[in-house]
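Counting convention: from 1, in listed order, for ligands and their atoms alike. Just so you know, these numbers come straight off a predicted model, no measurement behind them.
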Amino acid sequence: MRITKAEVVVTSPDRNFTTLKLTTEDGITGLGDATLNGRELAVVSYLRDHVVPMLIDRDAARIEDTWQLLYRGAYWRRGPVTMAAIAAVDIALWDIKAKAAGMPLYQLLGGASREGLMAYGHASGKDLPELFDSIREHQEQGYRSIRVQTGVPGLKSIYGIASNARLDGDQGVRYDHEPAQRGALPAQEDWDTRSYLRHVPTVFEAVRNEFGPELPLLHDAHHRMTPIQAAQLGKSLEPYDLFWLEDCTPAENPEALRLVRQHTTTPLAIGEVFNSLWDYQQIIREQLIDYVRSAVTHTGGISHLRKLVEYAAQYQIRSGFHGPTDISPVGMAAQMHLGLAIHNFGIQEYMQHGARTNAVFQQSFTFEDGLLHPGDQPGIGVDLDVDEAGKYPYEQAYLPYNRLADGTVHDW
Ligand code: GCO
Ligand code: MG
């Protein structure tokens, strides 16, 4: 089963997506997601200029060998660009193998370990009334677990709050700004950690009073605290029984989590900006986290993410795969197959794509009663409408960044 064609498709329906499409001599096609938010074209070049020539004429059945060739053979290992490119090839090859076998991918990965995947959505608001409305809307859509983000008094513009969303044509105001904002330069936002630390526990207290003790609640700190600040936040949130506190400290210093762990029993999730098993080795071995946040798209694909979660399983650490809208429907579907098959699934983030994106990527996965299911079509179950994709050329876009009141650039 030789690969005869490898195309890199860039499309920007609601935001930019990079997709690899492989075709075999028998006419089977496979799709892989290589979207790296705000740095999309770097991966496009990596794929087109350096990977595609190596794929032509290779045996599409040799998934592990292709992974090792691209990873070890490059000399330059790891890094978000490399690992997103390898992920796209890997996902596309699994799609082809499952189509050739006539099975949905999760069957090849060992079959379903559960009926569906518990998903969490993003509720947010600049103040409590707006936040409560957003939580209710998510519950109406079926979500049984909810991430809670709010504005902080005194700060004008903060990442992850829907009120900052741009007007998005016929879709009205849509909380889809988290992925990069379109424009020639990145937008600047504000930050003040002391105000944040004072405010967040009051928000969770109010949410618990309004919605009761059952609802699983999550919170994302976007790497903005020092270890001692993160310890303080984890401790102050303990009465509100969080499902997890995400990315409490910056990714480069895994040892910071030791200090956080010593002070709080709030469960910790980390890793959406990690890109390999080796980034997690120490924090898994030392049991410093509870959930692995990687996405299949940014962690070398199904083959590598599977090894990572199986390693995590030895330590009772579960999956919490990254699923904002910058993971394309291809990446989302691929990780749903993996999540359905593994034993140590925890939760799946799911923000939902817009109508234009859904017209470009036709999906067979479902979201019903709070549970995702990848569907039973052979392969990963997503088709790319190339003509539709062609209507939306790439647009320059960046994630925002933030500065403190004195002008210092702060951590993400
Ligand atoms: C999340 C993430 C997103 C990322 C975005 C970056 O938990 O969903 O933190 O908000 O910031 O996906 O590309
Ligand atoms: Mg996050």
*Going by the atom numbers of ligand 1, which of them fall below 4.0 Å from some non-hydrogen atom of Asp326?*
5 (C), 6 (C), 12 (O), 13 (O)
_Between the side chains of Arg356 and Asp14, is the shortest nitrogen-to-carboxylate-oxygen separation below 4.0 Å, so that they form an ion pair?_
yes
_For ligand 1, which is the ligand I care about here, please tell me if Glu272 has any N or O atom under 3.5 Å from one of the ligand's N or O atoms._
yes
*Which of the atoms of ligand 1 are close to His222, meaning less than 4.0 Å from one of its heavy atoms?*
9 (O), 10 (O)
*Is Glu349 close enough that one of its N/O/S atoms sits under 2.8 Å from the Mg ion (ligand 2)?*
no
*Does a side chain donor of either Glu137 or Gln141 reach within less than 3.5 Å of an acceptor in the other side chain?*
no
*So which N/O/S atom does Glu246 have closest to the Mg ion (ligand 2)?*
OE2
*Atoms of ligand 1 close to Glu246 [distance to a heavy atom under 4.0 angstrom, numbered from 1]*: 7 (O)
Determine all donor-acceptor pairs shorter than 3.5 Å in which one atom belongs to a side chain in residues 365-381; sequence neighbours excluded.
unit_1	atom_1	unit_2	atom_2	d
Asp369	OD2	Arg144	NH2	3.1
His373	ND1	Gly375	N	2.9
Asp376	OD1	Tyr106	OH	2.5

_Regarding Glu310 and Lys307, does a basic nitrogen lie under 4.0 Å from an acidic carboxylate oxygen?_
no
*Report, in ascending order of atom number, the atoms of ligand 1 lying under 4.0 Å from any heavy atom of His122.*
8 (O)
*Ligand-residue contact atoms, ligand 1 with Asp220, heavy atoms, under 4.0 Å*: 1 (C), 2 (C), 7 (O), 9 (O)
*Determine the sole option in Asp127, Val200, Val203 for which the side-chain contact (heavy atoms from CB on, under 4.5 Å) test with Thr150 is passed.*
Val203
Side-chain donor-acceptor pairs of residues 79-93 under 3.5 Å, sequence neighbours excluded:
unit_1	atom_1	unit_2	atom_2	d
Thr82	OG1	Tyr46	OH	3.4
Thr82	OG1	Arg78	O	3.4
Asp90	OD1	Ser303	OG	2.5
Asp90	OD2	Trp94	NE1	3.4
Asp90	OD2	Ile302	N	2.8
Asp90	OD2	Ser303	N	2.9
Asp90	OD2	Ser303	OG	3.3

*asked:* Give the atom numbers and elements of ligand 1 that come within less than 4.0 Å of a heavy atom of Asn37.
replied: 6 (C), 13 (O)
*By atom name, which N, O or S atom belonging to Glu272 lies closest to the Mg ion (ligand 2)?*
OE1
*Anything under 30° is parallel, anything over 60° is perpendicular, the rest tilted; go ahead and classify Tyr120 against His122.*
parallel
*Which atoms of ligand 1 have any heavy atom of Arg147 under 4.0 Å away?*
1 (C), 7 (O), 8 (O)
*For the atom pair CZ (Phe274) and OH (Tyr280), what is the distance rounded to the nearest 0.5 Å?*
6.0 Å
*Of all N/O/S atoms in Asp220, the name of the one nearest the Mg ion (ligand 2)*: OD2
